[in-house]
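As a basis for the values below, the full set of heavy atoms in this structure was taken, side chains included, without hydrogen atoms, waters or symmetry mates.
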Amino acid sequence: MSTAALDPNDAGPSSSVYQTISRGLIEQGTLIKQGAEAKVYSLASLLPKPAVYYPPSSSSSSVSSSSTTATTANSTDAGVILKYRFPKKYRHPTLDSTLTASRLTFEARALARASKAGVVVPKVIWVDEKGGVLGLERVEGWSVREVLGGGAEGEVEIEDDEAEEELPVDVDVSEGKRRSVGEDNEGMKALRELGVTQEHLMRSIGTALARLHITTIIHGDLTTSNMMVRLTPGETEPFEIVMIDFGLSSTAQFPEHYAVDLYVLERAFASTHPQSEGLYAGVLEAYAKGLGEKRWKPIETKLKDVRRRGRKRDMTG
């Protein structure tokens, strides 16, 4: 591993300890995804299972039981996701280290702000800005991409009589399957059993996005792969939308920033889910309702402008 982003000389002793721990966590984790900016690892827990209990007890079962309860209460049952922003060889090491720390810190803060405002996002568990490692709660469920029939990240949507396409650059190394358009999937089956329709799902996406934009945070990479559907048994709503991957997030200053966020998601629907493109109207309807007319009107005007520029660019290449 390069020491450009994990250099103990860049900070004090406490930072060096964090970097050493982060390196160890990455080595224990399983690589599940690699993109241009980061590698994503899955880990059962940040803490190892205890091998020795103190004080010793004649009733080992009761000690084991209490220890298990304590461990469960203080850890994430679903596991941990480690997002490692690896060093970029094309950048100067000092610049790369500074940018990595800045972007990782902003991502962690954006997640904290969004959560405080009622947006459902993964919990931040570990932050090592010098080492470029961010530890997050693992979200159990399905991406909206999967639920709408687009397949998991790294899967290619193909017609039965169509030649196979090449995998995209952003590959999920844990998935190697291919899926036909319209194939039913586990996520959609689970939602249907709970009485949830695609229209209901679209409204929930719009509401979640409105909550996010009210905080002045824009996601920066709004695709159906970056929204998870998590079941919530026992709650009023049978499921919730979890926004993930805030690596390109930023703070909005003008209505156009929000409009671009919406346009990116609109294009994602058009390209990844052409059969579900019409459902995007439901997303915008719930989004406008969540924002309120006063906030929505200037964003709507800018969204029309962004669409026109996008179509012109498509025509001219």
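Between F239 and H200, the ring planes lie perpendicular to each other; the angle is over 60°, past the 30° to 60° tilted range.
Put simply, the side chain of V120 does not reach to within 4.5 Å of the side chain of I241, judged on heavy atoms. Looking at heavy atoms from C-beta onward, P122 lies in side-chain contact with I244 at the 4.5 angstrom threshold. Taking the side chain as every heavy atom from C-beta outward, L279 and E199 approach each other to under 4.5 Å. Between W142 and N185, the closest side-chain pair of non-hydrogen atoms is not below 4.5 Å. The side-chain heavy atoms of L43 and Q28, taken from C-beta on, include a pair separated by under 4.5 Å. Looking at heavy atoms from C-beta onward, R91 lies in side-chain contact with L99 at the 4.5 angstrom threshold. Counting heavy atoms from C-beta on, the side chains of L212 and F246 come closer than 4.5 Å. I217 places none of its side-chain heavy atoms less than 4.5 Å from the side chain of T251.
Atom CG of L231 sits about 6.0 Å away from atom CG of L194, to the nearest 0.5 Å. Atoms CZ and CD1, on F254 and I299 in that order, are 13.5 Å from each other to the nearest 0.5 Å. Rounding to the nearest 0.5 angstrom, the gap separating the OG1 atom in T197 from the CG atom in L191 is 9.5 Å. Note that the OG1 atom of T105 and the CD atom of E129 stand 5.0 Å from one another [nearest 0.5 Å]. One distance of note links CE of M202 with CD of Q198; it measures 6.0 Å at 0.5 Å rounding. Distance check: S204 OG to E240 CD gives 10.0 Å after rounding to the nearest 0.5 Å.
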Checklist entry - Checking ring pair (Phe, Tyr, Trp, His ring centres under 6.0 Å) for the pair H273/Y280: CA distance, chi angles, key distance, verdict? => result CA-CA 10 Å; H273 315 282; Y280 186 69; over 10 Å; no
Checklist entry - Can you list the steps and then say if E107 with R85 is a salt bridge (charged side-chain N to carboxylate O under 4.0 Å, His left out)? => result CA-CA 12 Å; E107 181 175 359; R85 288 179 174 268; 3.6 Å; yes
Checklist entry - Can you list the steps and then say if E256 with R309 is a salt bridge (charged side-chain N to carboxylate O under 4.0 Å, His left out)? => result CA-CA 12 Å; E256 182 164 345; R309 294 202 300 267; 2.5 Å; yes
Next on the checklist: Could you go through D245 and K83, starting from their C-alpha distance and side-chain angles, then the distance that decides it, and tell me whether this counts as salt bridge (charged side-chain N to carboxylate O under 4.0 Å, His left out)?
Outcome noted: CA-CA 9 Å; D245 197 356; K83 184 175 181 181; 2.9 Å; yes
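Of all heavy-atom pairs spanning M227 and T223, the tightest one is CE-O, 3.6 Å. Minimum heavy-atom separation, A259 to V306: CB-CG2, 4.2 Å. When every heavy atom of D128 is checked against every heavy atom of S22, the shortest pair comes out as OD2-OG, 2.7 Å. Of all heavy-atom pairs between G135 and L82, the closest is CA-CD2, 3.9 Å. S115 approaches V121 most closely through the heavy-atom pair CB-CG2, 3.8 Å. Nearest heavy-atom pair across A110 and S249 is CB-OG, 3.8 Å.
Remark: side-chain polar atoms of K289 are not paired, donor with acceptor, to backbone N or O of L284 under 3.5 angstrom. A donor-acceptor contact shorter than 3.5 Å links the side chain of D261 to the backbone of H219. Looking at T100, its side chain does come within 3.5 Å of a backbone N or O of D96 through a donor-acceptor pair. The closest donor-acceptor contact from the side chain of S271 to the backbone of R267 lies under 3.5 Å. No donor-acceptor pair under 3.5 Å is formed between the side chain of E235 and the backbone N or O of T232.
Ionic pairing of E186 and K189 is not present here: no N-O contact between side-chain nitrogen and carboxylate oxygen is shorter than 4.0 angstrom. Remark: E137 engages R230 in a salt bridge, criterion side-chain N to carboxylate O under 4.0 Å. Using a 4.0 Å cut-off between charged side-chain N and carboxylate O, E140 and R138 make a salt bridge.
Note on I214 and V283: same hydrophobic cluster, where clusters join Ile, Leu, Val, Met, Phe, Trp and Tyr whose side-chain heavy atoms are under 4.5 Å apart, directly or indirectly. In the hydrophobic clustering of this structure, M243 groups with F269; members are Ile, Leu, Val, Met, Phe, Trp, Tyr whose side-chain heavy atoms approach within less than 4.5 Å, directly or through other members. Residue V242 is not grouped with residue L222 when hydrophobic side chains (ILVMFWY) are merged at heavy-atom distances under 4.5 angstrom, including chains of intermediate members. No chain of hydrophobic side-chain contacts below 4.5 Å, direct or via other Ile, Leu, Val, Met, Phe, Trp or Tyr residues, connects F106 to L134.
Under the 6.0 Å distance and 45° angle rule, K39 counts as a cation-pi partner of F86.
Less than 6.0 angstrom separates the ring centroid of Y287 from the ring centroid of H213.
Crowding of R113 atom CZ: a count of heavy atoms from other residues, nucleotides or ligands under 6.0 Å exceeding 12.
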